[in-house]
Amino acid sequence: MQSELFQNFIDSIPSLNNEQWGILDKTLLNARIPIDDSEEKPDFAPVDSKPSSNNQRSTPDLATSILTHFAEQPVCPECKSHSIYRWGVQSGRQRYRCKSCKKTFNAFSATPLARLRYPEKWNNYLTGMTYSMTLRAAANEYNIDLKTSFRWRHRFLEVINNDQAEKLSGITELDETFFRESFKGQREGLPRPSRKRGNDQNKTRKVPVMVARDRNRHTVDGVLENESANELCRHLNGRISIEATVCADAHLAHEKLAEKLGFEFKELVTSAGQHVLEGIYHIQHVNSYHSDLKRWIGGVFRGVATRYLPHYLAWKRDLSGAVKLNTERSVSRIAEHWGFQLSAGT
(Lines give C-alpha, C1' and ligand atoms only; values in the text may rest on other atoms or scores of the structure.)
Protein backbone atom coordinates (compact mmCIF):
# COMPACT_ATOMS: atom_id res chain seq x y z
CA MET A 1 0.00 0.00 0.00
CA GLN A 2 2.79 2.40 0.92
CA SER A 3 4.70 1.54 -2.22
CA GLU A 4 1.59 2.25 -4.31
CA LEU A 5 1.10 5.66 -2.66
CA PHE A 6 4.75 6.50 -3.18
CA GLN A 7 4.51 5.52 -6.85
CA ASN A 8 1.43 7.76 -7.28
CA PHE A 9 3.37 10.62 -5.67
CA ILE A 10 6.29 10.14 -8.07
CA ASP A 11 3.93 10.04 -11.07
CA SER A 12 2.29 13.31 -10.00
CA ILE A 13 5.55 15.30 -9.70
CA PRO A 14 5.73 16.45 -13.36
CA SER A 15 2.29 18.10 -13.03
CA LEU A 16 3.16 20.22 -9.97
CA ASN A 17 2.78 23.97 -10.40
CA ASN A 18 5.09 26.61 -8.89
CA GLU A 19 3.05 26.96 -5.72
CA GLN A 20 3.04 23.22 -5.13
CA TRP A 21 6.79 23.08 -5.77
CA GLY A 22 7.27 25.75 -3.10
CA ILE A 23 5.30 23.69 -0.58
CA LEU A 24 7.35 20.59 -1.43
CA ASP A 25 10.63 22.48 -1.05
CA LYS A 26 9.56 23.86 2.34
CA THR A 27 8.52 20.38 3.50
CA LEU A 28 11.85 18.87 2.47
CA LEU A 29 13.70 21.69 4.21
CA ASN A 30 11.78 21.16 7.47
CA ALA A 31 12.46 17.43 7.25
CA ARG A 32 16.20 18.23 7.00
CA ILE A 33 16.65 15.98 4.00
CA PRO A 34 20.12 16.74 2.58
CA ILE A 35 20.15 17.86 -1.06
CA ASP A 36 23.34 17.70 -3.11
CA ASP A 37 23.51 20.92 -5.20
CA SER A 38 26.30 19.45 -7.32
CA GLU A 39 23.92 16.95 -8.90
CA GLU A 40 22.02 17.86 -12.01
CA LYS A 41 18.39 18.82 -11.65
CA PRO A 42 15.91 16.01 -12.37
CA ASP A 43 14.15 15.89 -15.70
CA PHE A 44 10.82 16.70 -14.02
CA ALA A 45 11.92 20.19 -12.86
CA PRO A 46 9.33 22.83 -13.85
CA VAL A 47 9.99 24.32 -17.26
CA ASP A 48 9.10 27.89 -16.25
CA SER A 49 11.47 27.97 -13.27
CA LYS A 50 13.62 31.13 -13.42
CA PRO A 51 17.41 31.05 -12.95
CA SER A 52 18.90 32.63 -9.88
CA SER A 53 19.72 36.32 -10.20
CA ASN A 54 23.28 35.50 -9.18
CA ASN A 55 23.74 33.51 -12.40
CA GLN A 56 22.47 36.30 -14.64
CA ARG A 57 25.19 38.28 -16.40
CA SER A 58 24.75 41.97 -15.64
CA THR A 59 25.55 44.64 -18.22
CA PRO A 60 28.48 46.86 -17.17
CA ASP A 61 27.69 50.48 -16.40
CA LEU A 62 28.74 52.82 -19.23
CA ALA A 63 30.16 55.61 -17.06
CA THR A 64 32.08 53.15 -14.88
CA SER A 65 33.46 51.36 -17.96
CA ILE A 66 34.69 54.64 -19.45
CA LEU A 67 36.39 55.67 -16.20
CA THR A 68 38.05 52.26 -15.96
CA HIS A 69 39.33 52.29 -19.55
CA PHE A 70 40.66 55.82 -19.22
CA ALA A 71 42.40 55.08 -15.91
CA GLU A 72 44.32 52.23 -17.55
CA GLN A 73 46.03 54.61 -19.99
CA PRO A 74 45.12 58.25 -19.34
CA VAL A 75 46.03 60.83 -21.97
CA CYS A 76 45.74 64.61 -22.04
CA PRO A 77 42.95 65.69 -24.43
CA GLU A 78 44.76 68.97 -25.11
CA CYS A 79 48.32 67.92 -26.07
CA LYS A 80 47.95 64.10 -26.13
CA SER A 81 50.70 63.73 -23.54
CA HIS A 82 50.82 60.68 -21.26
CA SER A 83 52.77 62.55 -18.58
CA ILE A 84 49.89 63.23 -16.23
CA TYR A 85 49.06 62.74 -12.60
CA ARG A 86 45.97 62.70 -10.44
CA TRP A 87 44.49 66.05 -9.42
CA GLY A 88 41.74 65.42 -6.89
CA VAL A 89 38.16 64.25 -7.27
CA GLN A 90 35.20 66.30 -8.45
CA SER A 91 31.57 65.12 -8.52
CA GLY A 92 32.78 61.62 -7.75
CA ARG A 93 35.11 61.49 -10.78
CA GLN A 94 38.88 61.43 -10.73
CA ARG A 95 40.52 64.51 -12.25
CA TYR A 96 43.99 64.66 -13.79
CA ARG A 97 46.60 67.33 -14.55
CA CYS A 98 48.98 67.30 -17.48
CA LYS A 99 52.65 67.92 -16.71
CA SER A 100 53.23 69.35 -20.19
CA CYS A 101 50.41 71.84 -20.76
CA LYS A 102 49.21 72.13 -17.12
CA LYS A 103 45.57 71.52 -18.14
CA THR A 104 43.24 69.69 -15.76
CA PHE A 105 40.62 67.25 -17.03
CA ASN A 106 38.71 64.04 -16.35
CA ALA A 107 37.93 60.98 -18.45
CA PHE A 108 35.08 62.78 -20.25
CA SER A 109 36.78 66.10 -21.04
CA ALA A 110 36.81 67.14 -24.73
CA THR A 111 34.75 64.09 -25.73
CA PRO A 112 31.16 63.74 -26.98
CA LEU A 113 29.94 62.79 -23.50
CA ALA A 114 31.46 65.79 -21.72
CA ARG A 115 29.09 67.52 -19.27
CA LEU A 116 26.27 65.03 -19.77
CA ARG A 117 24.23 64.48 -16.62
CA TYR A 118 22.43 61.48 -15.07
CA PRO A 119 25.03 58.81 -16.00
CA GLU A 120 22.98 56.26 -14.07
CA LYS A 121 20.38 56.46 -16.87
CA TRP A 122 22.78 56.07 -19.82
CA ASN A 123 22.54 52.28 -19.97
CA ASN A 124 18.74 52.38 -20.06
CA TYR A 125 18.84 54.99 -22.79
CA LEU A 126 21.19 52.82 -24.88
CA THR A 127 18.74 49.96 -24.43
CA GLY A 128 16.01 52.14 -25.92
CA MET A 129 18.26 52.94 -28.87
CA THR A 130 18.61 49.24 -29.67
CA TYR A 131 14.84 49.33 -30.29
CA SER A 132 14.95 52.56 -32.35
CA MET A 133 13.08 54.47 -29.64
CA THR A 134 12.08 57.99 -30.68
CA LEU A 135 13.14 61.09 -28.75
CA ARG A 136 9.82 61.77 -27.06
CA ALA A 137 9.25 58.12 -26.20
CA ALA A 138 12.73 57.91 -24.63
CA ALA A 139 12.21 61.15 -22.71
CA ASN A 140 8.95 59.84 -21.24
CA GLU A 141 10.31 56.37 -20.56
CA TYR A 142 13.46 57.48 -18.73
CA ASN A 143 12.06 60.65 -17.14
CA ILE A 144 14.38 63.12 -18.86
CA ASP A 145 13.78 66.35 -20.77
CA LEU A 146 13.20 66.21 -24.52
CA LYS A 147 16.31 68.34 -25.14
CA THR A 148 18.33 65.97 -22.96
CA SER A 149 17.05 63.02 -24.99
CA PHE A 150 18.12 64.74 -28.21
CA ARG A 151 21.53 65.62 -26.78
CA TRP A 152 22.19 62.09 -25.51
CA ARG A 153 21.23 60.46 -28.80
CA HIS A 154 23.61 62.49 -30.89
CA ARG A 155 26.45 62.46 -28.36
CA PHE A 156 26.32 58.64 -28.23
CA LEU A 157 26.13 58.42 -32.02
CA GLU A 158 29.01 60.86 -32.37
CA VAL A 159 31.26 58.37 -30.59
CA ILE A 160 30.52 55.56 -33.07
CA ASN A 161 30.04 57.78 -36.13
CA ASN A 162 33.30 56.72 -37.79
CA ASP A 163 33.11 53.04 -36.90
CA GLN A 164 32.92 51.74 -40.46
CA ALA A 165 33.80 48.21 -41.55
CA GLU A 166 37.58 47.89 -41.68
CA LYS A 167 37.62 45.80 -44.86
CA LEU A 168 34.95 44.65 -47.33
CA SER A 169 35.77 41.32 -48.93
CA GLY A 170 34.27 38.70 -51.21
CA ILE A 171 31.29 39.77 -53.27
CA THR A 172 30.59 43.40 -52.40
CA GLU A 173 27.64 45.45 -53.61
CA LEU A 174 27.87 49.20 -54.19
CA ASP A 175 25.11 51.66 -54.96
CA GLU A 176 23.85 55.15 -54.16
CA THR A 177 20.48 56.37 -53.00
CA PHE A 178 19.08 59.84 -52.39
CA PHE A 179 17.43 61.70 -49.52
CA ARG A 180 15.65 64.99 -49.78
CA GLU A 181 17.60 67.82 -48.17
CA SER A 182 16.02 68.54 -44.80
CA PHE A 183 16.39 71.29 -42.21
CA LYS A 184 14.15 69.58 -39.68
CA GLY A 185 14.18 71.35 -36.32
CA GLN A 186 16.02 74.42 -37.61
CA ARG A 187 14.21 77.69 -36.93
CA GLU A 188 16.76 80.29 -37.98
CA GLY A 189 19.37 80.70 -40.70
CA LEU A 190 17.54 78.65 -43.33
CA PRO A 191 19.15 78.92 -46.79
CA ARG A 192 15.66 78.99 -48.35
CA PRO A 193 12.18 80.12 -47.32
CA SER A 194 10.45 77.69 -44.99
CA ARG A 195 7.66 75.57 -46.46
CA LYS A 196 5.22 72.90 -45.43
CA ARG A 197 6.50 69.36 -45.34
CA GLY A 198 5.95 67.48 -48.58
CA ASN A 199 5.80 70.48 -50.94
CA ASP A 200 8.07 71.10 -53.92
CA GLN A 201 9.44 67.57 -54.09
CA ASN A 202 10.88 68.13 -57.56
CA LYS A 203 12.65 71.35 -56.54
CA THR A 204 14.21 70.00 -53.35
CA ARG A 205 17.92 69.21 -53.53
CA LYS A 206 18.67 65.50 -53.32
CA VAL A 207 21.50 64.39 -51.03
CA PRO A 208 23.38 61.31 -52.33
CA VAL A 209 24.22 58.55 -49.86
CA MET A 210 26.65 55.76 -50.78
CA VAL A 211 26.40 52.26 -49.30
CA ALA A 212 28.89 49.45 -49.92
CA ARG A 213 28.01 46.13 -48.29
CA ASP A 214 29.51 42.67 -48.64
CA ARG A 215 27.69 39.36 -48.28
CA ASN A 216 28.89 39.07 -44.65
CA ARG A 217 26.84 42.17 -43.78
CA HIS A 218 29.87 44.42 -43.28
CA THR A 219 28.98 47.96 -44.32
CA VAL A 220 30.70 51.18 -45.35
CA ASP A 221 28.51 54.20 -46.04
CA GLY A 222 28.68 57.96 -46.24
CA VAL A 223 26.95 61.15 -47.29
CA LEU A 224 28.43 62.33 -50.61
CA GLU A 225 28.99 65.89 -51.73
CA ASN A 226 28.56 64.69 -55.33
CA GLU A 227 28.54 61.44 -57.30
CA SER A 228 32.10 61.62 -58.58
CA ALA A 229 34.72 58.88 -58.41
CA ASN A 230 36.91 61.06 -56.19
CA GLU A 231 34.10 61.42 -53.65
CA LEU A 232 33.47 57.67 -53.66
CA CYS A 233 37.19 57.04 -53.27
CA ARG A 234 37.28 59.36 -50.24
CA HIS A 235 34.91 57.01 -48.40
CA LEU A 236 36.10 53.66 -49.78
CA ASN A 237 39.86 54.01 -50.14
CA GLY A 238 41.53 51.31 -48.02
CA ARG A 239 38.21 49.70 -47.08
CA ILE A 240 37.73 47.35 -50.05
CA SER A 241 39.99 44.34 -50.37
CA ILE A 242 41.90 44.17 -53.66
CA GLU A 243 40.64 40.58 -53.96
CA ALA A 244 36.99 41.65 -53.60
CA THR A 245 34.54 41.53 -56.48
CA VAL A 246 32.41 44.67 -56.52
CA CYS A 247 28.99 44.71 -58.15
CA ALA A 248 27.52 48.06 -59.17
CA ASP A 249 25.33 49.53 -61.86
CA ALA A 250 26.77 51.07 -65.02
CA HIS A 251 28.16 54.45 -64.03
CA LEU A 252 31.33 56.23 -65.10
CA ALA A 253 32.21 57.01 -61.48
CA HIS A 254 32.06 53.30 -60.61
CA GLU A 255 34.38 52.41 -63.48
CA LYS A 256 36.92 55.04 -62.44
CA LEU A 257 36.67 53.90 -58.82
CA ALA A 258 37.51 50.34 -59.85
CA GLU A 259 40.56 51.59 -61.78
CA LYS A 260 41.78 53.62 -58.80
CA LEU A 261 41.31 50.95 -56.12
CA GLY A 262 42.17 47.95 -58.31
CA PHE A 263 39.32 45.56 -57.45
CA GLU A 264 37.41 43.35 -59.88
CA PHE A 265 34.32 45.15 -61.13
CA LYS A 266 31.05 43.54 -62.29
CA GLU A 267 29.01 46.15 -64.14
CA LEU A 268 25.22 45.76 -64.26
CA VAL A 269 23.22 47.64 -66.88
CA THR A 270 20.05 47.82 -64.81
CA SER A 271 18.44 50.34 -67.17
CA ALA A 272 18.43 47.60 -69.82
CA GLY A 273 17.00 44.99 -67.47
CA GLN A 274 20.32 43.36 -66.58
CA HIS A 275 20.03 42.68 -62.86
CA VAL A 276 22.11 39.50 -62.36
CA LEU A 277 25.43 38.37 -63.82
CA GLU A 278 26.59 34.75 -63.79
CA GLY A 279 23.83 33.87 -61.36
CA ILE A 280 25.51 35.44 -58.28
CA TYR A 281 26.57 39.00 -59.07
CA HIS A 282 23.83 41.55 -58.33
CA ILE A 283 23.05 44.55 -56.12
CA GLN A 284 19.77 43.30 -54.67
CA HIS A 285 21.10 43.13 -51.10
CA VAL A 286 22.32 46.72 -51.06
CA ASN A 287 19.10 47.90 -52.70
CA SER A 288 17.15 46.10 -49.99
CA TYR A 289 19.33 47.85 -47.41
CA HIS A 290 18.47 51.19 -49.05
CA SER A 291 14.76 50.44 -48.86
CA ASP A 292 14.98 49.41 -45.22
CA LEU A 293 17.05 52.50 -44.40
CA LYS A 294 14.49 54.82 -45.99
CA ARG A 295 11.55 53.12 -44.29
CA TRP A 296 13.38 53.35 -40.96
CA ILE A 297 14.24 57.05 -41.29
CA GLY A 298 10.97 58.11 -42.90
CA GLY A 299 8.66 55.83 -40.94
CA VAL A 300 10.09 55.71 -37.42
CA PHE A 301 11.55 59.21 -37.21
CA ARG A 302 9.44 61.02 -39.83
CA GLY A 303 12.60 62.17 -41.56
CA VAL A 304 15.86 63.54 -40.14
CA ALA A 305 17.83 66.72 -40.69
CA THR A 306 20.53 66.36 -43.34
CA ARG A 307 23.19 67.61 -40.92
CA TYR A 308 22.51 64.57 -38.68
CA LEU A 309 22.19 62.03 -41.49
CA PRO A 310 25.70 60.54 -40.87
CA HIS A 311 24.66 59.75 -37.28
CA TYR A 312 21.63 57.81 -38.43
CA LEU A 313 23.71 55.93 -41.00
CA ALA A 314 26.02 54.85 -38.16
CA TRP A 315 23.02 53.86 -36.04
CA LYS A 316 21.56 51.77 -38.86
CA ARG A 317 24.93 50.10 -39.48
CA ASP A 318 24.91 48.89 -35.90
CA LEU A 319 21.30 47.70 -36.03
CA SER A 320 21.89 45.82 -39.30
CA GLY A 321 25.32 44.37 -38.57
CA ALA A 322 26.37 40.75 -38.51
CA VAL A 323 26.21 40.80 -34.70
CA LYS A 324 22.92 41.78 -33.09
CA LEU A 325 23.11 45.10 -31.26
CA ASN A 326 22.31 45.03 -27.54
CA THR A 327 23.00 47.20 -24.50
CA GLU A 328 26.14 45.30 -23.47
CA ARG A 329 27.67 45.57 -26.94
CA SER A 330 26.83 49.30 -27.12
CA VAL A 331 28.50 49.94 -23.77
CA SER A 332 31.54 47.89 -24.77
CA ARG A 333 32.01 49.66 -28.10
CA ILE A 334 31.77 53.14 -26.61
CA ALA A 335 34.15 52.32 -23.74
CA GLU A 336 36.77 50.44 -25.80
CA HIS A 337 37.89 53.31 -28.01
CA TRP A 338 37.25 56.02 -25.43
CA GLY A 339 39.57 59.00 -25.35
CA PHE A 340 40.48 58.78 -29.03
CA GLN A 341 37.45 60.47 -30.57
CA LEU A 342 37.52 64.06 -29.47
CA SER A 343 34.64 66.41 -30.05
CA ALA A 344 35.18 70.09 -30.69
CA GLY A 345 33.05 72.46 -28.74
CA THR A 346 31.86 70.05 -26.04
Side-chain angles (χ1 to χ4, degrees), residues 47-48 50-66 68-69 112-113 119-135 137-138 141-142 149 152-175 177 209-222 239-241 244 283-301 304 308-338 341:
V47 177
D48 58 346
K50 296 181 180 180
S52 172
S53 58
N54 295 331
N55 297 329
Q56 293 179 348
R57 184 178 179 180
S58 59
T59 301
D61 178 72
L62 175 57
T64 303
S65 298
I66 291 172
T68 301
H69 277 269
L113 302 192
E120 67 278 3
K121 297 182 179 182
W122 291 355
N123 272 40
N124 291 335
Y125 192 87
L126 288 174
T127 300
M129 290 184 66
T130 64
Y131 296 99
S132 303
M133 187 175 287
T134 61
L135 291 176
E141 178 70 20
Y142 307 121
S149 181
W152 285 9
R153 171 184 292 182
H154 290 287
R155 293 289 187 88
F156 290 141
L157 293 176
E158 178 67 25
V159 177
I160 64 173
N161 187 38
N162 296 323
D163 285 358
Q164 305 271 6
E166 295 183 0
K167 188 76 68 174
L168 302 177
S169 58
I171 300 177
T172 301
E173 302 176 22
L174 169 66
D175 200 9
T177 189
V209 171
M210 177 276 306
V211 176
R213 188 171 170 88
D214 64 19
R215 298 290 169 85
N216 293 321
R217 302 172 70 180
H218 301 138
T219 306
V220 175
D221 53 37
R239 296 193 180 275
I240 298 182
S241 171
I283 56 174
Q284 296 172 10
H285 292 144
V286 72
N287 286 338
S288 177
Y289 185 88
H290 286 165
S291 299
D292 190 33
L293 175 65
K294 288 188 171 183
R295 284 195 300 268
W296 183 68
I297 289 179
V300 177
F301 305 109
V304 299
Y308 295 118
L309 189 54
H311 286 179
Y312 287 87
L313 294 179
W315 191 358
K316 188 60 177 176
R317 281 199 310 270
D318 271 8
L319 292 174
S320 305
V323 180
K324 184 179 180 180
L325 184 67
N326 54 32
T327 309
E328 183 176 358
R329 184 167 178 264
S330 297
V331 170
S332 177
R333 290 190 59 199
I334 294 175
E336 280 177 0
H337 61 86
W338 194 252
Q341 292 197 18

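Predicted, not measured: the structure shown is a model, and the values here were computed from it.
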Any donor-acceptor N/O pair, [X] side chain to [Y] backbone, under 3.5 Å:
| X | Y | answer |
| --- | --- | --- |
| Y142 | N124 | yes |
| E173 | V286 | yes |
| N123 | P60 | yes |
| S288 | Q284 | no |
| T64 | D61 | no |

Short N-O contact, R317 and D163, less than 4.0 angstrom: no
N-O pairing of K316 and D292 below 4.0 Å: yes
Considering all heavy atoms of both residues, which atom of [X] and which atom of [Y] are nearest to each other, and what is their separation?
| X | Y | result |
| --- | --- | --- |
| M133 | A138 | SD-CA, 3.4 Å |
| A314 | I160 | CB-O, 3.9 Å |
| A212 | M210 | N-SD, 3.7 Å |
| V331 | S65 | CG1-OG, 3.9 Å |

Under the side-chain contact (heavy atoms from CB on, under 4.5 Å) criterion, do S330 and L325 qualify, and how do the steps go? CA-CA 7 Å; S330 297; L325 184 67; 3.4 Å; yes
Go through S149 and Y125 one step at a time and tell me if the side-chain hydrogen bond (donor to acceptor under 3.5 Å, both in side chains) criterion holds. CA-CA 9 Å; S149 181; Y125 192 87; 3.1 Å; yes
Side chain proximity check, [X] to [Y], heavy atoms < 4.5 angstrom:
| X | Y | answer |
| --- | --- | --- |
| V211 | T177 | no |
| T134 | V300 | yes |
| R239 | K167 | no |
| F156 | L113 | yes |
| S132 | L319 | yes |

Below 30° counts as parallel, above 60° as perpendicular, anything between as tilted: where do the rings of W315 and F301 land? tilted
Do the ring planes of H311 and H154 sit parallel (below 30°), tilted (30 to 60°) or perpendicular (above 60°)? tilted
To the nearest 0.5 Å, what is the distance between [atom1] ([X]) and [atom2] ([Y])?
| X | Y | atom1 | atom2 | answer |
| --- | --- | --- | --- | --- |
| T327 | W122 | OG1 | CH2 | 15.5 Å |
| T172 | N216 | OG1 | CG | 9.0 Å |
| Y312 | L157 | OH | CG | 7.5 Å |
| T219 | L313 | OG1 | CG | 10.5 Å |
| I283 | I171 | CD1 | CD1 | 13.5 Å |
| D214 | I240 | CG | CD1 | 9.5 Å |

Show, in sequence, the C-alpha distance, side-chain angles and deciding distance for H218 and R213, and conclude whether the side-chain hydrogen bond (donor to acceptor under 3.5 Å, both in side chains) test is met. CA-CA 6 Å; H218 301 138; R213 188 171 170 88; over 6 Å; no
Does CD in E120 sit with more than 12 non-hydrogen atoms of other residues, nucleotides or ligands closer than 6.0 Å? yes
Test side-chain hydrogen bond (donor to acceptor under 3.5 Å, both in side chains) on R153 and Y308 and set out the steps. CA-CA 11 Å; R153 171 184 292 182; Y308 295 118; over 6 Å; no
Output, in order, the C-alpha distance, side-chain angles, deciding distance and verdict of side-chain contact (heavy atoms from CB on, under 4.5 Å) for T130 and R329. CA-CA 10 Å; T130 64; R329 184 167 178 264; over 6 Å; no
